[in-house]
Amino acid sequence: KQEVTQIPAALSVPEGENLVLNCSFTDSAIYNLQWFRQDPGKGLTSLLLIQSSQREQTSGRLNASLDKSSGRSTLYIAASQPGDSATYLCAVRRSSYIPTFGRGTSLIVHP
Amino acid sequence: DGGITQSPKYLFRKEGQNVTLSCEQNLNHDAMYWYRQDPGQGLRLIYYSQIVNDFQKGDIAEGYSVSREKKESFPLTVTSAQKNPTAFYLCASSIETTGPYEQYFGPGTRLTVT
């Protein structure tokens with residue numbers, strides 16, 4: 001059974017720092033990995049999706065990488081801002097299976 | 001605009017009453033999902049449906065029921081048999097006929113049962 005772990009569970013940083021959030025998974029036979037953002041009391045917003053054949057995806061200040069062989073993905077946030085404060089979740093999926101979610105990293109960026 | 005709508009945003013019920021949460025999508029997605037989110041627990045899958053008139057139990061289906069009579073709609077009923085129904089409920093959808101199987105979420109419904 002796939003297990004997904006996100007470390008750290010919580011992170012508090014000053015504005016302007018570059019951040020790395022980690023997502024590890026136990027079964028490397030994945031089809032894709034998706035990163036989400038969740039603001040308090042809201043639904044999940046998709047940030048980036050990396051397919052198994054890809055190494056990374058970029059959107060603005062966000063860059064997500066995937067290393068299937070080691071069972072790891074990282075979400076890099078450049079020049080963090082207070083508006084980046086949220087919970088970040090990763091979800092791993094095999095082709096016809098239901099995604100498995102991590103518990104998330106709660107990020108606070110303070111001015 | 002395409003997306004997933006959930007209604008209502010907040011729902012209050014007395015213990016012992018059944019309640020139905022609405023989820024509608026206009027993305028033409030094949031699959032729809034219901035998750036429950038509790039503080040410190042992460043997302044837990046209640047039910048999912050990959051095609052109209054078919055659905056499967058997730059990890060915590062007891063006390064819940066669903067129907068999928070239309071592609072666009074996947075309502076969730078929280079029955080009186082659910083022992084601890086107060087939670088945040090999220091609906092999601094995805095295309096299943098072709099990749100990349102990206103999942104999209106609705107805004108959620110917060111259910112409080114007293």
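Quick caveat, the model's predicted, so the values are computed rather than measured.
Taking chain B as the reference chain and counting heavy-atom pairs below 4.5 Å, the highest number among A:A91, A:P99, A:G104 is found for A:P99. The residue among B:Q37, B:Q6, B:K9, B:Q41 with the most heavy atom pairs within less than 4.5 Å of chain A is B:Q37.
For the residue pair B:Y35 and A:I98, the shortest heavy atom distance occurs at OH-CG2, 4.2 Å. Considering all non-hydrogen atoms of both residues, B:L90 and A:Q38 come closest at CD1-NE2, 4.1 Å.
In this structure, CZ on A:R93 lies 11.0 Å from CD on B:E102, to the nearest 0.5 angstrom.
Of the two parts of A:L44, the backbone and the side chain both hold a non-hydrogen atom closer than 4.5 Å to a non-hydrogen atom of chain B. With a 4.5 Å cut-off on non-hydrogen atoms, B:L45 touches chain A through its side chain but not through its backbone. Proximity to chain A is limited to the side chain of B:Y48, based on heavy atoms less than 4.5 angstrom apart.
Within a 6.0 Å radius of NZ in A:K42, no more than 12 heavy atoms belonging to other residues, nucleotides or ligands are found. The neighbour count for B:R44 CZ, taken as heavy atoms of other residues, nucleotides or ligands under 6.0 Å away, is above 12. Heavy atoms from other residues, nucleotides or ligands lying under 6.0 Å from CD of A:E3 number 12 at most.
Each of B:L27 and B:F74 belongs to its own hydrophobic cluster when Ile, Leu, Val, Met, Phe, Trp and Tyr are linked at side-chain heavy-atom distances under 4.5 angstrom. Following chains of ILVMFWY side-chain contacts shorter than 4.5 Å, one can reach A:F25 starting from A:L48, so the two form part of one hydrophobic cluster. A single hydrophobic cluster is seen to contain both B:L21 and B:Y47, as judged by linkage of ILVMFWY side chains at heavy-atom distances under 4.5 Å, directly or through other members. A chain of hydrophobic side-chain contacts below 4.5 Å, direct or via other Ile, Leu, Val, Met, Phe, Trp or Tyr residues, connects B:V113 to B:I60.
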(request) Mind running side chain to side chain contact (heavy atoms under 4.5 Å, CB included) on A:Q34 and B:S94 for me, showing each step along the way? (result) CA-CA 12 Å; A:Q34 196 170 356; B:S94 63; over 6 Å; no
